[in-house]
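Take a look at the structure set out below.
Just follow the structure's listing: the first ligand is 1, and inside any ligand the first atom is 1. It should be emphasised that the depicted structure is a prediction, and the values quoted were computed from it without experimental measurement.
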Amino acid sequence: MANHDIAMGIVRVTEAAALACSNLLGRGDVDLIEKAAVDGVRHAFELLPIKGRVVIGECDLDKKPIMYIGEKVGTWNDGLKEYDVAIDPLDGPILVAKGRPNAISAIAVSEKGKIFKAPQIYMKKIAVGPKAKGTIDLNKSLTENIKRVAEALNKEIEEVTVMIQDRPRHKELIDEARSVGARVKIFGEGDIAAALATAFEETGVDMLVGIGGAPEGVLAAAALKCLGGEILVKLMPENQRQVDMCKRAGLDDVNRILSQDDLITSDDVYFAATAVTDSDLLKGIVYKENYATTHSVVMRSLNGVVRFVDAIHKLDTSLIKIQE
Ligand SMILES: O=P(O)(O)OC[C@H]1O[C@](O)(COP(=O)(O)O)[C@@H](O)[C@@H]1O
């Protein structure tokens with residue numbers, strides 16, 4: 001597969017995942033929804049001519065892997081190049097189960113050995129778009145970071161919008177953002193979509209801060225690398241077992257702050273996402289009489305091209321039925 005075809009190839013994967021789970025919207029069954037998205041991914045990979053190896057996979061609610069690290073994806077025909085694949089078939093299955101916004105399917109693909117194999121633990125994150133790149137500092141207070149971002153964006157602090165996930169562990173961050181006067185968007189799930197939004201001015205989102213999943217942080221790093229934005233992260237192991245997991249992933253100093261360039265060490269990474277439900281950047285799947293529409297974004301860091309891909313899928317032939 002020519003390199004320039006990978007972008008379209010991977011957007012088919014996220015489209016398939018999104019379509020496969022989208023007609024379970026609001027049905028409350030998280031496991032079924034996750035399985036449908038994973039089945040969609042696997043089905044689409046059967047057609048993708050790459051030698052892919054999953055380095056970031058998917059776990060169910062009990063953190064049991066359902067897309068295995070090391071799993072082979074793609075057709076694996078002779079002569080094809082090997083790639084690392086980071087996949088979140090569905091960031092936010094609970095959102096789909098409840099019919100709420102912000103659920104996306106996301107994938108990143110890069111050269112073999114170039115994507116950080118983040119363990120399934122928490123990660124502290126701060127992310128911004130291209131105009132605020134170089135101004136953020138994970139060691140500084142949120143107040144200081146908001147002031148720097150406001151200056152970089154030529155905005156008043158009261159005009160800066162900060163995304164923070166709705167979690168008890170973020171109470172102090174939310175209080176601080178409010179007391180400094182910033183605008184705060186508190187979201188339930190899905191910090192990949194939130195990080196992605198920081199890089200597009202039309203979303204009105206300027207920053208993401210908080211603690212979320214490390215695998216999601218790597219996917220966000222791939223997107224922000226393509227978009228010229230920045231994400232700074234620090235792994236947050238909670239016990240010795242998790243410290244060991246970080247070390248096995250190649251991180252000797254778990255306190256080290258990592259950027260998008262540490263999480264993706266190649267200059268050539270692809271990222272794609274398809275919305276299942278509406279997010280700040282992408283409209284969710286819409287059903288019409290005989291078809292469904294998907295809305296995706298796909299990008300490559302090497303050439304900086306960002307494409308928005310709207311697709312029409314005939315319902316009788318599409319992957320929507322895959323879970324039946
Ligand atoms: O739900 P927790 O444990 O606070 O973890 C935060 C993570 O959960 C999510 O909201 C959803 O993750 P899942 O798709 O794995 O359920 C992520 O976007 C975020 O990084």
Side-chain angles (χ1 to χ4, degrees), residues 14 17-18 20-22 24-25 28-41 54 56-69 86-108 116 118-127 163-174 185-198 205 207-224 231-239 242 258 263 271 273-282 284:
T14 55
C21 66
S22 71
L24 297 169
L25 185 81
D29 191 336
V30 173
D31 286 344
L32 189 64
I33 288 164
E34 268 183 333
K35 185 181 175 311
V38 169
D39 288 349
V41 163
V54 174
I56 300 258
E58 173 73 331
C59 291
D60 66 14
L61 277 186
D62 302 321
K63 306 268 187 224
K64 283 188 265 160
I66 46 179
M67 278 218 77
Y68 293 89
I69 308 302
I87 179 100
D88 195 343
L90 182 55
D91 190 25
I94 293 171
L95 298 171
V96 179
K98 294 184 176 174
R100 290 192 178 148
N102 224 32
I104 63 168
S105 174
I107 187 171
F116 177 65
Q120 270 285 345
I121 66 171
Y122 284 119
M123 179 185 258
K124 191 173 174 186
K125 313 174 186 180
I126 179 167
M163 300 287 283
I164 308 180
Q165 196 162 13
D166 193 5
R167 294 291 185 273
R169 62 178 179 266
H170 293 154
K171 183 185 177 310
E172 284 171 17
L173 273 184
I174 293 170
K185 275 184 91 171
I186 299 173
F187 63 98
E189 306 288 331
D191 67 0
I192 301 177
L196 192 57
T198 64
V205 170
M207 300 173 72
L208 162 75
V209 293
I211 293 172
E216 287 87 347
V218 174
L219 279 151
L224 288 168
I231 183 167
L232 300 176
V233 306
K234 192 174 141 194
L235 284 154
M236 305 285 287
E238 291 167 14
N239 49 43
Q242 295 194 353
L258 307 169
L263 299 173
F271 174 88
T274 301
V276 183
T277 57
D278 293 351
S279 61
D280 285 298
L281 184 66
L282 297 169

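- Near D91, the atoms of ligand 1 lying under 4.0 angstrom from a non-hydrogen atom of the residue are 9 (C), 11 (C), 12 (O), 14 (O), 17 (C), 18 (O).
- Ligand 1 has no nitrogen or oxygen under 3.5 angstrom from a nitrogen or oxygen of D88.
- Within 6.0 Å of CZ on R167 lie more than 12 heavy atoms contributed by other residues, nucleotides or ligands.
- A side-chain donor-acceptor contact under 3.5 Å links N102 to the backbone of G190.
- The two residues Q165 and I174 have their closest heavy-atom pair at O-CD1, 4.4 Å.
- In this structure, E238 and I121 have side chains that are not in contact, with every pair of non-hydrogen atoms separated by 4.5 Å or more.
- Here the closest heavy-atom approach between residue D278 and residue G284 is recorded as OD1-N, 2.7 Å.
- Put simply, the side chain of F187 does not reach to within 4.5 Å of the side chain of V205, judged on heavy atoms.
- Numbered from 1 in the order shown, with element, the atoms of ligand 1 that lie under 4.0 Å from a heavy atom of G212 read 20 (O).
- Considering backbone and side-chain N/O of P93, none are found under 3.5 Å from N/O of ligand 1.
- At a heavy-atom cutoff of 4.0 Å, ligand 1 is contacted by no atom of I94, backbone or side chain.
- The distance criterion of under 3.5 Å between nitrogen or oxygen atoms is not met by I192 with respect to ligand 1.
- Contact annotation: for R169 versus ligand 1, heavy atoms closer than 4.0 Å belong to the side chain alone.
- The two residues L219 and A86 come nearest to each other via the heavy atoms CD2-O, 3.5 Å.
- Counting heavy atoms under 4.0 Å from ligand 1, residue E189 touches it through both backbone and side chain.
- Between the side chain of S105 and the main chain of P89, a donor-acceptor pair closer than 3.5 Å is present.
- Ranking the protein heavy atoms by distance from atom 14 (O) of ligand 1 puts G92 N, 3.0 Å first.
- Minimum heavy-atom separation, L263 to G217: CD1-O, 4.1 Å.
- For atom 15 (O) of ligand 1, the closest non-hydrogen atom of the protein is E216 OE2, 3.5 Å.
- Remark: distances from the non-hydrogen atoms of L90 to ligand 1 include one below 4.0 Å.
- Closest to atom 3 (O) of ligand 1 among all protein heavy atoms lies Y122 OH, 2.4 Å.
- Among all protein heavy atoms, the one lying closest to atom 4 (O) of ligand 1 is R167 NE, 2.6 Å.
- The closest protein non-hydrogen atom to atom 7 (C) of ligand 1 is G213 N, 3.9 Å.
- A salt bridge does not link D31 to K35: none of the charged nitrogens lies less than 4.0 Å from a carboxylate oxygen.
- With a 4.0 Å cut-off on non-hydrogen atoms, E58 does not touch ligand 1 at all.
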